[in-house]
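So the structure is just underneath, and the comments pick up after that.
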2 protein chains.
Amino acid sequence: MTVARQPNNRRSKPGGPKTAPRARRPRDSLSQETILAAAEEIALRDGLHALTFQAIGDALGAHPTSLYRHFRDKDELVLELVDGLRARSYGGTVTATDDWRADMRTISQRVREHYVRYAPFAQEMVMRTTRRPVEFANVEFTLDALRRAGLDDDEVVVMQRALGNFVRSVASLEAATLALEPDVRRRDELAWQVEYRQLDPETYPTIAELADRLPSLGAPEAFDVGLELMLDAIEMRAARSRARRGESVEHPGDE
Amino acid sequence: MTVARQPNNRRSKPGGPKTAPRARRPRDSLSQETILAAAEEIALRDGLHALTFQAIGDALGAHPTSLYRHFRDKDELVLELVDGLRARSYGGTVTATDDWRADMRTISQRVREHYVRYAPFAQEMVMRTTRRPVEFANVEFTLDALRRAGLDDDEVVVMQRALGNFVRSVASLEAATLALEPDVRRRDELAWQVEYRQLDPETYPTIAELADRLPSLGAPEAFDVGLELMLDAIEMRAARSRARRGESVEHPGDE
DNA sequence: ACCTGAACACCGTTCAAGT
DNA sequence: ACCTGAACACCGTTCAAGT
């Protein structure tokens with residue numbers, strides 16, 4: 001919200017000295033692709049708040065309003081951008097192995113890497129369904145893996161949602177902390193290393209004992225540990241479902 | 001991003017007809033509390049995007065810029081608001097029982113209800129450490145519960161982070177989908193009920209089979225199921241840790 | 001048809017002026 | 001000291017005008 005002030009070097013300011021009209025861009029030199037490429041670079045370099053039509057226009061040497069010929073509004077531009085990133089990032093379909101846990105790890109880490117890589121868009125990505133091939137492929141892959149784990153179909157659909165939401169939202173949280181203003185982020189991280197150690201041991205006895213080891217909010221272990229917990233629990237349920245169906249069970253809960 | 005246009009009924013527009021000066025607010029009638037109360041009402045009624053100094057000023061019959069005497073900038077106002085909500089929502093400390101799982105459920109659902117209730121702030125809340133008593137109390141409570149579960153201290157700190165991040169981020173996702181523009185939300189939910197059923201069974205065989213039962217993105221089961229999975233897995237690990245320490249184990253993995 | 005320029009209705013924020 | 005008014009530097013967006 002606190003925006004750094006910049007000198008106004010916009011051309012043709014209301015009463016200012018007349019400057020030469022901007023160089024005219026050649027016809028048809030603008031397209032969705034060129035615009036999206038410029039937009040991506042700006043957002044990844046300077047953050048989502050810096051992604052304005054003005055900035056994109058400047059980067060392309062084009063008038064800000066010329067973008068309206070290629071996108072209905074900014075929302076459409078951002079959604080299109082997000083979708084393009086997704087297609088590129090984990091477009092190559094993951095092929096299933098005979099180990100469903102390994103498969104779930106692979107696809108989950110892929111989603112996570114994508115969020116971290118495109119951190120400025122994490123919040124935008126996490127809650128929108130894109131309904132594109134990449135999303136379909138991910139859902140298909142996960143449903144199949146959970147079936148191979150041995151879950152009943154009833155369990156499969158609900159576990160897919162539970163696991164999928166876990167992966168996307170925890171990845172998004174990790175990414176969002178990365179995209180935080182550097183000084184805010186440093187202050188927040190410091191809190192877990194400093195402030196928590198100085199709390200009164202009377203009121204917070206357990207914190208006082210463990211303060212030296214508390215990981216900060218964006219700590220990457222949170223994802224890996226959480227994922228393994230989920231997979232452990234799913235494996236356990238799958239073993240029960242298998243047993244219920246009268247199938248042979250091989251070492252439930254062991255690794 | 002697509003903002004509805006409204007007629008300009010701002011007073012004293014640049015060249016417009018002179019209107020009577022605004023009624024002057026009595027001295028000291030403004031305070032952090034009155035401002036925050038008005039801000040909360042606006043955000044909860046019309047969403048975060050509608051929370052502007054202009055809107056708060058209108059609600060209070062005060063000049064927008066008068067708020068700057070009480071808050072450094074908008075960021076500070078929002079953070080203060082978020083912190084106040086938190087203190088009020090689950091300020092009453094949860095008291096531990098002899099059942100760590102029940103305790104973890106209680107505190108997790110409390111956090112979740114808070115996110116859903118204050119959905120417009122979910123994204124803002126999820127990634128910021130507030131370093132206030134309520135947060136400290138939650139951490140203390142969770143660390144203690146995980147210890148009582150039987151985890152080693154090394155495990156306790158990392159599980160606290162994994163579980164805490166799970167709860168906050170999945171709750172935030174649920175809340176964020178609730179706070180989505182109604183028509184966007186409806187379209188997204190519909191996708192899971194309609195579009196997924198129409199996919200080609202050749203390329204997406206598992207989806208085709210299970211499409212009737214796929215829950216949508218913001219489905220509330222995702223939280224409950226995920227939480228039970230996490231608790232199951234933690235219970236299993238705790239049993240192992242107990243055994244490693246030579247303590248008696250009582251039915252690990254059963255409910 | 002595609003791009004530009006001017007204009008409009010907003011934002012957050014600063015600062016001098018009123019009471 | 002606290003509130004108001006005017007102004008500044010931005011936003012997204014529309015629309016008539018240029019080429």
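A note on names: the letters A, B, ... follow the listed sequences, proteins ahead of strands, and every chain is numbered from 1. Hydrogens, waters and symmetry mates play no part in the numbers below; they use all other heavy atoms, side chains included. Since we're looking at a predicted model, the values are computed, not measured.
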Taking C-beta and beyond as the side chain, do A:S172 and A:R168 meet within less than 4.5 Å on heavy atoms? no

Test of understanding: with side chain to side chain donor-acceptor pair (under 3.5 Å), list the residues that count as partners of A:T65, not counting sequence neighbours. A:H63

Consecutive Watson-Crick or G-U pairs in runs of at least 3, all under 3.5 Å, in which DNA chain C is involved: C:4-8 with D:12-16, C:12-16 with D:4-8

For residues 27-35 of chain B, which residues have at least one heavy atom under 4.0 Å from DNA chain D? B:R27, B:D28, B:S29, B:L30

Using a heavy-atom cut-off of 4.0 Å across all strands, would you classify A:S66 as base, sugar-phosphate, or nothing? base

May I ask you to decide if A:H70's main-chain N or O and A:Q32's side chain share a donor-acceptor pair within less than 3.5 Å? yes

Would you say the side chain of A:T65 and the base of C:dG5 hold a donor-acceptor pair, judged only by whether the two atoms sit under 3.5 Å apart? yes

Residues in contact with DNA chain D, drawn from residues 38-48 of chain B - heavy-atom cutoff 4.0 Å: none

If you draw the axis of the six-membered ring of A:W192, does the NZ or CZ of A:R197 fall within 45° of it and under 6.0 Å from the ring centre? no

B:F136 vs A:Y204 aromatic rings, parallel, tilted or perpendicular, using cut-offs 30° and 60°? perpendicular

Evaluate the criterion side-chain hydrogen bond (donor to acceptor under 3.5 Å, both in side chains) for residue pair A:E135 and B:Y196; output intermediate values, then yes/no. CA-CA 11 Å; A:E135 188 182 85; B:Y196 271 79; 2.7 Å; yes

Could you state the CD-C1' distance from B:Q54 to C:dA9, rounded to the nearest angstrom? 11 Å

Nearest-Å distance for atom pair OH/C1', residues B:Y68 and D:dC8: 12 Å

Return yes if some donor-acceptor pair links the side-chain N/O of B:S108 with the main-chain N/O of B:M104 below 3.5 Å, else return no. yes

Side chain to side chain donor-acceptor pair (under 3.5 Å) involving B:R213 - partner list, sequence neighbours excluded: A:D154

The side chain of B:F53 lies closest to which of these nucleotides: D:dC3, D:dT13, C:dT13? C:dT13

Find the distance between OG1 (B:T177) and CG (B:L217) and round it off to the nearest 0.5 Å. 7.5 Å

How would you list, by chain and number, every residue that makes a side chain to side chain donor-acceptor pair (under 3.5 Å) with B:S29, sequence neighbours excluded? B:R25

Under the 3.5 angstrom rule, does the side chain of A:R185 hit a backbone N or O of A:L180 as a donor-acceptor pair? no

Distance test, side-chain N/O of A:H70 to OP1/OP2 of C:dC2, below 4.0 Å: no

Answer with base, sugar-phosphate or nothing: what part of the nucleic acid does B:R24 contact at a heavy-atom distance below 4.0 Å? base

